[in-house]
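Since the structure comes first, as structure tokens, the remarks are kept for the end.
Within every chain, numbering begins at 1; the chains are lettered A, B, ... in the order of the sequence lines, protein sequences first and strands thereafter. None of the values given here were measured: they were computed from a predicted structure.
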Amino acid sequence: MSTEVAVEKMDGAQAAQELAGLADVLARANAAYHRDDAPEISDAEYDRLKRRNAAIEERFPELKRDDSPSDMVGAPVSETFTKVKHAVAMLSLGNAFNDEDVAEFESRVAKYLGIKQGIAFTAEPKIDGLSLSLRYEQGVLVQAATRGDGETGENVTNNARMIDDIPQTLTGAPDVLEVRGEVYMSHANLAALNAAQLAKAAKPFANPRNAAAGSLRQLDARITKARPLHFFAYAWGELSEPLATTQMGAIERLAALGFSTNPLTGRFQGAKALVTHYRKIEEQRATLGYDIDGVVYKVDDLELQRRLGVRSTTPRWAVAHKFPAEIAHTWVEGIDIQVGRTGALSPVARLTPVTVGGVVVSNATLHNEDYIQGRDSKGGMIREGRDIRVGDWVEVYRAGDVIPKVRDVDVSKRKADSKPYVFPAVCPECGSPALREEGDSVARCTGGLICPAQAVEKLKHFVGRSAFDIDGLGKKQIEMFFHDKTLPIREPADIFTLAQRDAQQLTKLKNRDGWGELSAANLFAAIEAKRKIPLNRLIFALGIRHVGDSSGALLAGHYGSWRALVSTLDAAKDHAGEAWEDLLSIDGVGAVMAAALVDTFHAPDTRAAIDRLVAELDVQDAIANDTSGSPVTGKIVVFTGTLELMTRAEAKGRAETLGAKVSGSVSKKTDIVIAGPGAGSKAKKAEALGVKILTEVEWLALIGEAR
DNA sequence: GTGCCTCGAGTTCA
DNA sequence: CTCGAGGCAC
């Protein structure tokens with residue numbers, strides 16, 4: 001952010017100069033946004049610059065340029081897409097990489113359901129595009145949303161209306177119908193689009209998926225219209241009535257309603273038949289005319305799908321059998337060591353840039369010492385027994401088509417004087433010894449906060465999105481302030497004394513290069529706004545090993561206040577006693593996490609830094625759930641057998657929010673046992689002890705969730 | 001003791 | 001996204 005002169009105080013020369021600069025910046029940002037689908041600046045910044053441009057033009061109308069950003073067509077108009085929360089989450093799929101994984105998938109399903117082999121599955125090509133959820137109410141398309149993170153996506157309704165394959169109205173559809181599928185661009189259409197791009201001297205799209213994503217996420221729907229996109233329907237979200245009783249039946253119903261469905265979708269018995277179909281699709285891959293990256297298998301019977309249920313992000317009843325990843329070959333130019341927040345030393349290969357699957361890759365993680373030496377604990381996707389050296393010619397691929405990895409080394413191209421890479425015994429950043437503990441897969445710097453790399457990474461974590469999330473204080477600024485001589489941020493507490501310290505300086509932040517009155521004031525205000533911090537965020541922000549986002553929430557929920565948490569950790573000093581047991585009693589907290597917490601609070605330097613920080617803050621207690629009205633408050637309940645209407649995690653979560661304590665074993669303290677089919681010894685024991693036993697349905701009725 | 005499942009930590013590129 | 005590993009159910 002440059003030092004900005006208030007518009008009212010500008011002279012003509014300044015105005016003309018700034019207008020030129022703005023025209024340039026905004027034009028480039030616009031091009032990046034539209035052509036590459038890769039914004040260079042944030043939308044907020046874009047809007048701000050555009051408003052400033054307009055303000056200057058208003059005061060100096062005669063200076064308005066011919067290429068004024070105000071007149072740009074198709075510029076992202078204020079705001080981005082609105083967010084849409086999916087009524088039913090859009091899940092991702094588990095992966096299978098070989099025939100064996102597919103066989104395992106089948107036996108997992110069979111075992112879970114308690115039935116023999118011979119389950120029917122559907123198989124269909126996995127289109128390489130982007131997922132879209134279309135909501136129809138009374139047969140009318142009312143909303144289209146991208147997948148986003150699965151929970152919340154972006155509203156792209158206007159753009160989706162431009163796609164011919166997507167019907168605007170349906171006849172004979174359920175009142176509420178969410179159709180899910182994939183938007184993609186055919187090879188032919190991509191070629192035509194790229195020819196047009198080149199004619200305009202614009203950058204061509206690297207692959208159909210980028211082109212489809214870029215075309216759909218246009219704020220100007222007219223651009224989407226000009227880009228020929230297609231849509232295959234293959235799934236659904238919220239429904240007011242079932243589409244069919246089988247996956248295949250549902251697909252046929254969607255086709256009957258007017259959606260395109262993939263012609264290579266079929267129904268098969270057992271893993272062997274699935275793999276045969278996979279090979280058939282693989283043979284046709286090059287001639288399909290659109291990109292696919294595998295084949296998706298789904299349990300055909302929808303009743304079985306429901307029984308199998310979902311894990312946190314993937315269903316148990318489906319899997320994606322991926323085609324082998326695209327590979328490329330390149331040189332290892334060097335191996336660098338990065339030091340993470342927990343002190344972990346991770347080696348990174350610096351590669352001669354090479355294109356893998358449409359993306360230029362120049363770095364690849366090497367994980368740890370074992371990986372470099374050709375020892376991989378799991379085997380899996382890695383060559384055996386071949387070490388990686390600087391100067392080696394290697395095979396790289398992108399795991400999950402995203403993360404670059406080194407898979408193999410061509411030893412024959414190795415020079416005679418090549419030497420094995422020696423993993424450092426000391427931290428390259430601070431010189432402290434690097435130790436690898438028994439059973440740990442990585443070596444860690446022992447320098448703690450003495451190590452500048454660890455200190456700065458911890459600070460970056462502290463201001464991260466799930467932690468303090470301070471506007472205008474990101475990784476770059478942290479890096480800058482960490483090394484700053486006059487106004488340093490060396491530990492979290494320093495952030496909250498920044499404004500005060502700045503006021504005492506002769507050269508204030510606002511007078512520095514790259515800063516202005518406004519930007520400095522904004523930063524201080526953003527920091528001030530986060531003094532008030534929810535307990536769970538504070539716990540997470542401390543960056544204690546093994547304590548992440550969800551554990552932070554867990555601890556906050558259990559202890560309620562900072563004071564209660566600290567007194568427990570203080571009392572649990574010896575890893576024993578009542579306080580220690582209390583920590584372990586929390587579901588999800590084990591000895592490892594408890595020890596990490598207690599030890600962090602008893603390390604004198606760390607504790608002092610934490611106390612300095614908390615003295616600056618206004619910590620918000622966790623809001624305890626009001627469970628007084630719940631019929632099961634304080635009751636100890638046990639779930640046993642197969643739950644058919646909800647997952648175990650869901651059942652547990654619901655019970656806990658209603659104030660019940662979920663236990664794993666039945667004792668005379670148990671109040672209720674909820675027994676599903678297949679319940680064995682626990683139900684018997686409950687009976688013997690005279691504990692109340694409910695079916696799943698009765699339980700749901702009790703907590704007022706009858707379905 | 002084994003086998004899920006979830007979480008934490010580290011990672012790339014646009 | 002992937003891996004390892006902690007935590008828990010069986």
Side-chain angles (χ1 to χ4, degrees), chain A residues 32-33 35-40 92-95 97 104 107-108 111-112 203 205-207 209-210 213-214 309-314 316 322 325 338-351 353 355-368 370-371 376-382 396-405 437 439-442 444 457-458 460-461 464 466 540 543-554 584 586-596 638-643 647-649 652-653 662-665 678-682:
Chain A
Y33 190 98
R35 187 189 56 215
D36 310 333
D37 196 32
E40 283 180 350
S92 53
L93 295 175
N95 291 323
F97 295 103
E104 271 171 23
S107 56
R108 219 170 31 239
K111 191 177 155 202
Y112 195 97
K203 203 174 133 202
F205 290 97
N207 56 55
R209 187 181 28 188
N210 285 3
V310 297
R311 293 189 282 257
S312 64
T313 58
T314 59
R316 282 193 199 81
K322 305 294 277 287
Q338 293 179 349
V339 182
R341 155 169 84 83
T342 61
L345 266 46
S346 18
V348 180
R350 305 297 176 199
L351 307 167
T355 303
V356 195
V359 172
V360 178
V361 166
S362 42
N363 301 304
T365 176
L366 298 174
H367 296 296
N368 53 46
D370 281 357
Y371 198 91
D376 193 44
S377 56
K378 274 281 185 296
M381 306 281 285
I382 183 74
V396 296
Y397 73 107
R398 294 202 301 147
D401 286 329
V402 180
I403 313 288
K405 294 216 161 176
E437 277 177 42
D440 210 346
S441 60
V442 297
R444 290 176 201 279
E457 290 304 315
K458 271 213 154 63
K460 286 179 190 169
H461 170 81
S466 309
F540 173 65
I544 298 164
R545 194 136 91 92
H546 304 121
V547 182
D549 206 348
S550 64
S551 305
L554 208 58
L584 295 184
I586 305 171
D587 197 354
V589 178
V592 175
M593 197 198 298
V638 175
F639 291 96
T640 180
T642 311
L643 299 182
T647 63
R648 276 204 121 68
K652 197 168 175 173
V662 179
S663 164
S665 55
S681 60
K682 278 187 217 170

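- Interatomic distance, CZ of A/Arg316 versus CZ of A/Arg108, reported as 10.0 Å (0.5 Å rounding).
- With distances taken from any side-chain atom of A/Thr342 to the nucleotides B/dA9, B/dC7, B/dC13, the minimum falls on B/dA9.
- Listed candidates were C/dG6, B/dC4, B/dG10. Nearest to the side chain of A/Val592 is C/dG6.
- Residue A/His461 is the one, among A/His461 and A/Arg398, whose nearest nucleotide of DNA chain B lies closer to the 5' end (criterion: closest heavy atom).
- Atom NE2 of A/His367 is separated from atom P of C/dT2 by 11 Å (rounded to the nearest Å).
- If you take OG1 on A/Thr342 and NZ on A/Lys458, they are separated by 7.0 Å, rounding to the nearest 0.5 Å.
- In this structure, CG of A/Asp370 is placed 12 Å from C1' of C/dG4, rounded to the nearest angstrom.
- The residue A/Val348 sits close only to the backbone: its heavy atoms come under 4.0 Å of sugar-phosphate atoms, none of a base.
- Across the protein-nucleic acid pair, A/Leu345 atom CG and B/dT11 atom P stand 10 Å apart, rounded to whole Å.
- Between A/Ser362 and B/dC13 there is a side-chain polar atom (N or O) within less than 4.0 angstrom of OP1 or OP2.
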Intermediate values then yes/no, side-chain contact (heavy atoms from CB on, under 4.5 Å), A/Thr314 and A/Leu93: CA-CA 5 Å; A/Thr314 59; A/Leu93 295 175; 5.6 Å; no

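- Rounded to an integer number of Å, the gap from CG of A/Leu554 to P of C/dC8 is 10 Å.
- The A/Lys405 side chain lies nearest to C/dC3 when the options are C/dC3, B/dC13, C/dG6.
- Note: CG (A/Asn95) to P (C/dC1) measures 8 Å, nearest angstrom.
- Residue A/Arg545 has no polar side-chain atom (N or O) positioned under 4.0 Å from OP1 or OP2 of B/dG8.
- Between A/Gln338 and B/dT11 there is a side-chain N or O to OP1 or OP2 distance below 4.0 Å.
- At whole-Å resolution of the value, CZ in A/Arg209 and C1' in B/dA14 are 12 Å apart.
- Checking C/dT2, C/dG6, B/dG10 against the side-chain heavy atoms of A/Arg341 singles out B/dG10 as nearest.
- Which of B/dC7, C/dC3, B/dT12 sits closest to the side chain of A/Ser550 comes down to B/dC7.
- A donor-acceptor pair under 3.5 Å links the side-chain atoms of A/Arg341 to the main chain of A/Gly543, judged by distance alone.
- For the pair A/Asn363 and B/dC13, the criterion of a side-chain N or O lying under 4.0 Å from OP1 or OP2 is met.
- Phosphate proximity of B/dT11 to A/Ser346: present, with a side-chain N or O under 4.0 Å from OP1 or OP2.
- Put simply, the residue from A/Val356, A/Asn363, A/Val361, A/Leu351 that forms a side-chain contact (heavy atoms from CB on, under 4.5 Å) with A/Pro404 is A/Val361.
- With C/dG7, B/dT11, C/dC3 as the choices, the nucleotide that has an atom nearest any side-chain atom of A/Met593 turns out to be C/dG7.
- For the atom pair A/Ile586 CD1 and A/Met593 CE, the distance stands at 9.0 Å (nearest 0.5 Å).
- Taking atom CG of residue A/Asp549 and atom P of nucleotide B/dG10, one finds them 15 Å apart after rounding to whole Å.
- We find that CG of A/Asn368 is positioned 13 Å from C1' of B/dT11, with the value rounded to whole Å.
- Under 4.0 angstrom from either OP1 or OP2 of B/dG8 there lies at least one side-chain N or O belonging to A/Ser551.
- A close approach under 4.0 Å does not occur between any side-chain nitrogen or oxygen of A/Arg316 and OP1 or OP2 of B/dC4.
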